[in-house]
Every structure is written in structure tokens, then in C-alpha cells.
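Data first, discussion second: the structure below is written as C-alpha cells.
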Amino acid sequence: MRFLKKFYTLIIFFFLYAPIIVLMIFSFNNSKSRAKWGGFTLKWYAELFKDNEILSSLYYTIIIAVISSLVATVIGTIAAIGIHNMSKIKKTVVMNLTYLPVINPDIVTGISLMILFIFIKLNLGFITLLFAHITFNIPYVILSVMPKLKQLDKHVYEAALDLGATPLFAFRKVVLPEIMPGVVTGALLAFTLSLDDFVISFFTTGSGVSNLSITIYSMARRGINPKINALSTIMFITVLLLLIIVNKRTSRKENA
Amino acid sequence: MKIRWISTPYIVWMIMFTVVPLLLVFFFSITVQTDEGITFTLENFKKLSEPIYLKVLWRSIYLAFVSTVICLLLGYPMAMILAGTDVKRKNVLIFLFVAPMWMNFLLRTYAWLTLLEKNGLINTVLSLFGIKPLNLLYNNLAVLLGMVYNFLPFMVLPIYSVLSKVDKSVIEAAQDLGANNFKVFTKVTFPLSLPGVASGITMVFMPAVTTFVVPRLLGGAQFTLIGNLIERQFVLVGDWNFGSAISIVMMILILISMGIMSRYETEHVGGGFFG
């Protein structure tokens with residue numbers, strides 16, 4: 001039984017990792033073939049960094065992810081506090097509104113926003129892409145902050161007010177530190193969702209503005225390109241390193 | 001905290017960018033643009049009931065269903081193994097299991113493109129054994145493979161999170177009362193894990209039935225699922241009315257399947273990558 005478990009785990013992990021590893025190995029392949037080894041090279045990496053299309057989409061991906069996650073975190077956190085203090089009926093209505101983009105298929109969110117932007121004569125491009133990303137990010141911030149607000153003891157806030165703190169000061173000194181973990185989680189979630197989004201971006205951008213996912217899609221549609229392999233390798237290693245750092249940090253916190 | 005109005009900017013934003021766009025989709029789905037202007041009609045929905053489109057609809061549901069079943073069959077044992085390992089090795093295993101998910105969805109799909117194509121690695125290895133190149137790409141199987149590969153973690157993680165919370169003493173009690181392993185599984189473990197299974201099914205079925213990337217890259221330009229149909233109406237054909245009607249049908253489809261599944265989800269069980 002033990003052997004069987006190990007064997008099964010091995011097969012599943014092989015299934016998960018083999019395609020990625022093959023992709024990474026062939027990013028160092030000198031011949032353009034995907035199956036025959038033509039010697040070690042770094043030329044695809046050199047070409048990758050000379051490719052303006054990829055560099056500009058990398059730039060847009062990061063800019064959009066940073067701005068949209070920041071804006072969504074601010075709007076979402078403030079909204080969550082407001083929602084938390086609503087009457088029950090209003091709260092239910094607003095929370096259902098919040099869940100709407102989460103459960104709606106991405107493609108429907110994408111085309112509906114595209115229709116709206118064209119309808120109000122907004123040119124598809126950077127601004128529309130940013131609006132779309134903020135829109136699908138806010139609900140995730142709210143959903144991460146709400147549980148923390150529920151755990152919050154509201155008497156502490158009232159005590160601060162009784163002791164003469166202004167509402168804003170009390171919020172900064174009492175409420176914010178308590179809900180901070182939820183806010184950070186929401187911001188991180190928003191950031192990664194924005195980095196990774198393809199479907200919604202695909203429909204809501206235009207005029208030369210595209211993110212990495214869109215560029216990869218159009219490159220992959222044109223056929224195999226070793227530059228994509230090089231890009232995959234860099235992205236996978238970056239993600240892996242980030243995950244290891246985050247994991248190390250959280251486990252250290254747990255131990256402390 | 002008496003300031004209720006502070007969520008107003010958010011509500012205005014959501015109405016503008018979520019409610020209004022969906023109303024526009026609905027509006028486009030029940031109208032057609034003619035020379036005399038806009039007229040209300042159900043024609044767009046009727047068009048969807050033509051045999052070619054029904055076939056696409058059926059194929060999307062069928063492939064999403066099959067990939068969900070495969071994910072469940074492959075994923076359940078994996079979730080059990082993950083839930084059963086000791087704490088020290090568990091963290092590493094979970095980490096390794098989740099890591100590929102963080103790779104861009106398109107790159108993961110592209111990886112299979114390079115493996116399956118005619119001059120790809122699999123065919124090259126097969127040719128060493130004297131087997132002629134197979135057509136691995138651009139068929140149902142390739143699309144299914146892409147779906148299972150991309151969505152398997154969505155099945156495993158919710159089941160794992162429910163299984164790891166199952167009280168061990170319940171299982172021990174069943175064993176003490178004389179149940180064999182098979183009986184423990186069918187009578188105790190599996191029923192207790194149903195909420196996780198239900199979330200897993202929704203989390204795999206939903207993206208599988210709506211995706212247009214996997215069929216486009218692994219199924220080829222001619223391979224059409226409901227997602228591709230919508231994409232084509234908006235990007236190529238420019239028939240927003242028909243595209244909107246398909247979107248409405250897709251939303252209804254998703255809502256129905258979520259409604260069925262939510263009966264079994266007694267609690268919210270997400271993957272919880274951020275703790």
C-alpha cells in the first residue's frame with residue numbers, strides 16, 4: 001500500500017512537471033527543433049530581451065498589476081468596512097453584487113466590459129484594461145477583508161472613541177492593524193490575479209497595449225517559438241523563488 | 001462605525017462596471033439591429049438552436065463533463081494521499097503540487113503543444129521504437145488532456161482541505177466496529193468529503209465549459225467550443241447580438257450547475273493559498 005501511494009504520487013507529479021521541465025530544457029536548445037538536441041545555447045534568452053513586443057507587454061503587465069491591485073485594495077478595504085456596518089438586507093444585496101464577478105465566467109465578464117467600453121465610446125487600451133482589472137480585483141479584496149472584520153471586537157473601536165480619538169485616528173490605530181492580514185492577503189491575491197489574467201484582458205484591451213498572457217497567446221497561435229520556452233523558464237523560476245520566500249516567511253512567523 | 005456611505009464609491013463602481021455591462025449583454029441578446037433601427041426579438045436564441053450550434057453546445061458540455069470525471073478519478077486518490085502524509089512532508093508535497101499552478105495558464109497549455117505536435121517529443125520518442133508519427137494534436141483527446149492538466153489542482157485542493165479536517169477518531173471508530181477499509185471509505189470517508197467533491201466539481205467544470213484557450217491551442221483553429229463561439233462573435237464576426245445570446249445561455253448553464261452543486265457544499269472550502 002505504501003509503495004502504491006508513492007508510485008501514484010510519482011506519476012501525478014510526473015504528469016504535472018514533465019511538460020514544464022521539457023519546455024525549460026528546450027529553451028537551451030540550439031536547434032529550433034522541439035525534439036532533437038542541437039547543443040546548449042543562450043541565444044533564445046538574448047533574443048527574448050531584444051524582443052520589443054515581449055518587453056512592452058511585460059511592462060504593461062507589471063504596471064497594470066501594481067496600479068489595479070493598489071486601487072482595488074483601497075476601494076475594497078473601505079467598501080468592506082462600509083458593508084460590515086450595513087443592515088442585514090442591504091448587506092446581502094451588496095455581497096451578492098460582490099460575488100457576481102467572482103462566479104461569472106471570465107469570458108462573460110470580458111465581453112460585457114468590452115460592450116460597455118465601446119458603448120460609452122472609450123477607446124480600448126490602457127485605461128480600459130486598467131478599469132477591467134480593478135473591477136475583477138475588488139471583490140477578492142473584500143472577500144479577504146470581511147472575515148477579519150467579523151473577528152474584530154467593535155468595543156475596542158468604541159473605547160478608542162470614548163477616550164477621545166477621532167474616528168480616523170481610531171481607524172488607523174485600532175481597526176487597521178487588526179484587519180491588516182486580510183488587507184495584505186487581498187492585495188497579494190489581486191496582484192497575482194492581475195498578473196495572470198488572460199481572458200478578460202483579451203477582450204478589454206486594444207491599440208497596441210497587451211499584457212504577457214495576450215502576447216504569449218498570439219505567439220503560440222502562430223506556432224512554436226523557442227523564445228516562449230525561454231520566457232517560461234524565467235517566469236517559472238521567478239514564481240518558484242517568490243513562493244519559497246513567502247513560504248519561508250510564513251513558516252518563520254508560525255514558529256515565532 | 002456609523003459611516004455607512006463609505007462603501008458608496010464601491011457600489012457605484014460595481015454598478016457601472018458589473019451590473020450595467022451585464023444589462024447591456026442582456027439587451028443585445030434580445031435585440032437585432034436592422035435598417036429601421038433596433039427591434040426586440042428572440043431570433044438570437046433561436047439561432048443557437050440550429051443543429052451546428054447545438055452540436056457545439058453539446059460538445060462543450062460533454063468535454064467539460066468528461067474532464068471533470070477524469071479529474072475526480074485522478075484527483076481523489078491524490079487528495080487522500082496528501083491528507084494522509086505526516087505534517088513534515090505534507091508541506092513540501094503541497095508546495096510542489098501547487099507550484100505548477102502558479103505558472104501562466106497559457107504557458108502550461110503551450111507546453112503540451114510542443115509535446116504533442118507532429119515533430120514533438122512524444123512522436124520522436126515513439127519513432128525510436130519504429131512507431132509512425134501519431135496525430136496527437138487537434139482532436140478531442142488533446143483538448144481533454146489540456147483541460148485535465150490545467151484544472152486537476154482545482155479538484156484536488158478542495159477535497160484535500162475537507163479530508164484533512166476529517167476527525168481521525170470517526171474513522172478509527174468505524175474500524176473498531178469491524179468495518180474493512182472498503183467499507184470505511186464508502187460509508188465514512190467519502191460521504192464526509194462530499195462538500196469538497198462538490199466544490200471540486202464546480203471549480204473544474206466551470207472553467208472547462210467556458211475556456212476558449214485550450215480548444216484554440218490544442219484543438220486547432222477549426223475546433224469550436226462554446227467559448228470559441230462567443231469569442232468569434234465579438235472578435236471576428238462582430239455579431240454582438242448573437243454573441244450576447246450565447247453568453248446568456250452560458251451564464252444560465254453555469255448558474256444551474258452551481259445551484260446543483262451548492263446543495264452539497266455545506267461550508268466554503270477554497271484552496272486557501274494565502275492562508
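Side chains are part of it too, since the values below use all heavy atoms of this structure and drop only hydrogens, waters and symmetry mates. Order of the sequence lines fixes the chain letters, A, B, ..., with proteins taken first and strands second; residue numbering starts at 1 for each chain.
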*Taking every heavy-atom pair that is under 4.5 Å apart, which of Ile11(A), Val199(A), Ile134(A) has the most such pairs with chain B?*
Ile134(A)
_Pairs of heavy atoms under 4.5 Å with chain B: top-ranked of Leu97(A), Ile120(A), Ile111(A), Val184(A)_ = Ile111(A)
_Side chains of Leu22(B) and Val108(A), heavy atoms from C-beta outward: is any pair under 4.5 Å?_
yes
*Aromatic plane relationship, Phe212(B) with Tyr217(A) - under 30° parallel, 30 to 60° tilted, over 60° perpendicular*: perpendicular
*Roughly how far, to the nearest 0.5 Å, is the CD1 atom of Ile6(B) from the CD1 atom of Ile75(A)?*
12.5 Å
*Count the heavy-atom pairs under 4.5 Å between each of Pro181(A), Ala220(A), Ala132(A) and chain B, then report the option with the highest count.*
Ala220(A)
*Ile83(A) vs Tyr10(B) side-chain heavy atoms within contact, under 4.5 Å*: yes
*Considering only heavy atoms, which portion of Leu96(B) lies under 4.5 Å from any heavy atom of chain A: side chain, backbone, both, or neither?*
both
*In sequence, state the C-alpha distance, the side-chain angles, and the governing distance for Ile254(B) and Ile103(A), and then conclude on side chain to side chain contact (heavy atoms under 4.5 Å, CB included).*
CA-CA 9 Å; Ile254(B) 295 290; Ile103(A) 56 173; 5.9 Å; no
*Supply the atom-to-atom distance Ile138(A) CD1 to Met14(B) CE, rounded to the nearest 0.5 angstrom.*
6.5 Å
*Would you say the side-chain atoms of Asn104(B) and Ser213(A) include a donor-acceptor pair closer than 3.5 Å?*
yes
*Select one option (side chain, backbone, both, neither) describing which atoms of Ile216(A) are under 4.5 Å from chain B's heavy atoms.*
side chain
*Side chain from CB out, backbone as N, CA, C, O: work out which of these in Ile78(A) comes under 4.5 Å of a heavy atom of chain B, or both, or neither.*
both
_Portion of Leu116(A) that has a non-hydrogen atom of chain B nearer than 4.5 angstrom_ = both
*asked:* With heavy-atom distances below 4.5 Å as the criterion, would you say the side chains of Ser232(A) and Arg108(B) are in contact?
replied: no
*For the residue pair Leu240(A) and Trp102(B), establish whether any side-chain heavy-atom pair is separated by less than 4.5 Å.*
no
*asked:* Return the CD1 to CG distance between Ile214(A) and Leu106(B), rounded to the nearest 0.5 Å.
replied: 9.5 Å
*What part of Leu93(B) gets closer than 4.5 Å to chain A, counting heavy atoms only: side chain, backbone, both or neither?*
both
*Check whether Leu212(A) gets within reach of chain B through its side chain, its backbone, both or neither, counting any heavy atom under 4.5 Å.*
neither
*Taking Tyr149(B) for the side chain and Leu16(A) for the main chain, is one N or O donor matched with an acceptor at less than 3.5 Å?*
yes
*Who wins among Ile228(A), Thr109(A), Val239(A) for the most heavy-atom pairs under 4.5 Å with chain B?*
Ile228(A)
_Using heavy-atom distances under 4.5 Å, tell me whether Phe136(A) contacts chain B through its side chain, its backbone, both, or neither._
neither
*Using a cut-off of under 4.5 Å for heavy-atom pairs, which of Phe95(B), Phe97(B), Phe28(B) has the most such pairs with chain A?*
Phe95(B)
*Which bit of Glu231(B) is near chain A, if near means a heavy-atom gap under 4.5 Å: side chain, backbone, both or neither?*
both
*Find out whether Thr210(B) and Asp106(A) are in side-chain contact, i.e. whether some heavy atom of one side chain is under 4.5 Å from a heavy atom of the other.*
no
_Is the shortest side-chain heavy-atom distance between Met86(A) and Ser7(B) below 4.5 Å?_
yes
*Without swapping roles, check the side chain of Tyr8(A) against the backbone of Ile81(B) for a donor-acceptor pair under 3.5 Å.*
no
_Partner chain A: residue of Pro153(B), Pro77(B), Gly227(B) with the largest heavy-atom pair count (under 4.5 Å)_ = Pro77(B)
_Top contributor to chain B interface from Arg221(A), Lys6(A), Met235(A), Lys5(A) [non-hydrogen pairs under 4.5 Å]_ = Arg221(A)
*asked:* Using heavy-atom distances under 4.5 Å, tell me whether Phe13(A) contacts chain B through its side chain, its backbone, both, or neither.
replied: side chain
*Going by heavy atoms in the side chains, are Phe202(A) and Val235(B) under 4.5 Å from each other?*
yes
*Are Phe198(A) and Phe105(B) an aromatic pair by the rule of ring centers under 6.0 Å?*
no
*What distance separates Met103(B) CE from Tyr17(A) OH, expressed to the nearest 0.5 Å?*
10.5 Å
*Looking at Arg216(B), Met206(B), Met16(B), Met250(B), which has the largest count of heavy-atom pairs under 4.5 Å with chain A?*
Arg216(B)
*Interchain contact, Thr238(A) with chain B, by part (heavy-atom threshold 4.5 Å)*: neither
*Counting only heavy atoms closer than 4.5 Å, note whether Leu107(B) contacts chain A via side chain, backbone, both or neither.*
both
*Which region of Val19(B), side chain (C-beta onward) or backbone (N, CA, C, O), has a non-hydrogen atom less than 4.5 Å from a non-hydrogen atom of chain A, or is it both or neither?*
side chain
*So what's closer than 4.5 Å to chain B heavy atoms on Ile107(A): side chain, backbone, both or neither?*
side chain
*If you tally heavy-atom pairs under 4.5 Å against chain B, which of Leu231(A), Ile142(A), Leu195(A) wins?*
Ile142(A)
*Rounded to the nearest 0.5 Å, how far does OH of Tyr110(B) lie from CG of Leu23(A)?*
6.5 Å
_Structural part of Ile115(A) lying under 4.5 Å from a heavy atom of chain B_ = both
*Side chain, backbone, both or neither: which part of Leu74(B) has a non-hydrogen atom closer than 4.5 Å to chain A?*
both
*Just how far is it from atom CG of Leu113(A) to atom CG of Leu24(B), taken to the nearest 0.5 Å?*
10.0 Å
*Does Phe27(B) have its ring centroid less than 6.0 Å away from the ring centroid of Phe119(A)?*
no
*Looking at side-chain heavy atoms only, is the closest gap between Thr18(B) and Ser112(A) below 4.5 Å?*
no
*Could you tell me which of Ser247(B), Pro100(B), Ala99(B) has the largest number of non-hydrogen atom pairs under 4.5 Å with chain A?*
Pro100(B)
